[in-house]
Amino acid sequence: MPASDISISPLVMFNPVNIFRGISLGKRISRNPDKATLEEVLPPELYQRFSALKTEYFPRNKKIESMRPYIVSQQIVGLVQGEAGLTSASEVGKKIRRMVRSNKDITVTEVKYELKLEGGFKSLAQRTENLMDSLSWELELSCLERQLTRMEDINEMQYRASTWAQGYIQEFRFMSLRGGADDDCTNIIATSTEQDLFEDITSSLDTMWLDAAEKALQTNQTTFAVLDFSRLLLEDGLVAQLAERGYEVIEP
């Protein structure tokens, strides 16, 4: 059973800032310049939308008001989904792993990407500062707006989750997918000072997963794999790349 088991944060592909948080810079790099509040830095209409969402789902969270838009865009997804009773991808992964461990006849093929950052505290701190300084303000706002739009209609999200669980995929074909060309939450890192790191992680994980999946398909009578939603449907996603390698893909 090929599975993605990354030794760094699962969010690293879309938020490499997480790589550096182990060196105690999280609080500093997450704040707006000059300790400005979101109300001071966001366009009024965008702040009103954020404030409405905060009031409904996480009214007691005061710290988020001082965070920069890109960090907020990462935070609100978990906060809203948790309050709405939607299970996160990490929780689904944990349940699957427990099920696998309970059946000793299953052969597990793990895919791991290990990232080693070299340098002392000072050099890594400077690298982090450079990363945050290089983020496009326009893309930060666009990313936050994208996430707000997703979270504002939680009923639609719940409906899509149910639809996807039942195997109906056609209505997802024209959705804006995470990691797609129009996803500014991905593009903001892909155009930062960590562009090379981002591309290396993405490319390496794709290649490692495809090789592991191919090996499992050739070795096992039955193979079960777990992928992120977008990786299944992107035109150049992993399923499409399997098809390019000569495998027949039969959609539900």
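Residue numbers start at 1 and run along the sequence shown.
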Report task. Identify the heavy atoms of Ser73 and Val77 that sit nearest to each other, and give their distance. Result -> O-CG2, 3.7 Å
Query raised in the report: Rounded to the nearest 0.5 Å, how far does NZ of Lys215 lie from CG of Asn220?
Result: 9.5 Å
Query raised in the report: Would you say the side chains of Thr149 and Arg49 form a donor-acceptor pair under 3.5 Å?
Result: yes
Report task. List the steps and the verdict of side-chain contact (heavy atoms from CB on, under 4.5 Å) for Glu39 and Phe50. Result -> CA-CA 9 Å; Glu39 187 173 12; Phe50 162 78; over 6 Å; no
Query raised in the report: When you measure from the side chain of Ser102 to the backbone N and O of Met99, does any donor-acceptor pair fall under 3.5 Å?
Result: yes
Report task. Give, for atom CZ of Arg98 and atom NZ of Lys94, the distance between the pair rounded to the nearest 0.5 Å. Result -> 8.0 Å
Query - Any Leu144 side-chain heavy atom under 4.5 Å of Ile76 side chain - result: yes
Report task. Drop me the distance from Glu214's CD to Thr219's OG1, to the nearest 0.5 angstrom. Result -> 10.0 Å
Query raised in the report: Could Asp184 and Arg146 be called an ion pair, given the rule that one side-chain N must be under 4.0 Å from one carboxylate O?
Result: no
Query raised in the report: Between the side chain of Ser142 and the main-chain N/O of Glu138, is any donor-acceptor distance below 3.5 Å?
Result: no
Query raised in the report: When you look at CG of Asp34, are more than 12 heavy atoms from neighbouring residues, nucleotides or ligands closer to it than 6.0 Å?
Result: no
Query raised in the report: Can you check whether Asp236's main-chain N or O pairs, donor with acceptor, with Gln241's side chain at less than 3.5 Å?
Result: yes
Query raised in the report: Can you name the closest pair of heavy atoms from Ala240 and Glu235 and give their distance?
Result: CB-O, 3.2 Å
Query raised in the report: Is there a donor-acceptor pair closer than 3.5 Å between any side-chain N or O of Ser134 and the backbone N or O of Thr193?
Result: yes
Report task. Going by the side-chain contact (heavy atoms from CB on, under 4.5 Å) test, name the single residue among Leu131, Asp133, Leu139 that passes it with Leu135. Result -> Leu131
Query raised in the report: Which pair of non-hydrogen atoms, one from Gln74 and one from Cys143, has the smallest distance, and what is that distance?
Result: NE2-SG, 4.2 Å
Query raised in the report: Leu79 and side-chain contact (heavy atoms from CB on, under 4.5 Å): which partner among Ile64, Leu53, Val72?
Result: Ile64
Query raised in the report: With a 4.5 Å limit on heavy-atom distance, are the side chains of Glu56 and Glu83 in contact?
Result: no
Query raised in the report: Are side-chain heavy atoms of Ser66 and Lys35 found at a separation under 4.5 Å?
Result: no
Report task. Could you tell me whether the side chain of Lys104 reaches within less than 4.5 Å of the side chain of Ile106, counting heavy atoms only? Result -> no
Query raised in the report: Just by modelled atom types, is the Gln48 backbone N or O under 3.5 Å from a matching donor or acceptor in the Ser51 side chain?
Result: no
Requested in this report: Output yes when a side-chain donor or acceptor of Asn187 lies under 3.5 Å from a complementary backbone atom of Asp183, and no otherwise.
Outcome: yes
Requested in this report: Would you check, one step at a time, whether the test side-chain hydrogen bond (donor to acceptor under 3.5 Å, both in side chains) holds for Glu140 with Ser136?
Outcome: CA-CA 6 Å; Glu140 279 203 60; Ser136 162; over 6 Å; no
Query - Min side-chain heavy-atom separation Tyr57-Met151 under 4.5 Å - result: no
Query raised in the report: In Å and rounded to the nearest 0.5 Å, what is the OH to CD1 distance from Tyr70 to Ile29?
Result: 10.5 Å
Report summary line: Closest heavy-atom pair, Leu141 versus Leu46, reported as atoms and distance to 0.1 Å, is O-CD2, 4.0 Å
Report task. Check whether any side-chain heavy atom of Gln75 sits under 4.5 Å from a side-chain heavy atom of Met67, and report yes or no. Result -> yes
Query raised in the report: Are Pro69 and Trp137 side-chain neighbours, meaning at least one heavy-atom pair lies under 4.5 Å?
Result: yes
Query raised in the report: Roughly how far apart are Arg245 CZ and Leu217 CG, rounded to 0.5 Å?
Result: 10.5 Å
Query raised in the report: In a check of side-chain contact (heavy atoms from CB on, under 4.5 Å) between Tyr47 and each of Val41, Thr37, Leu38, which one passes?
Result: Leu38
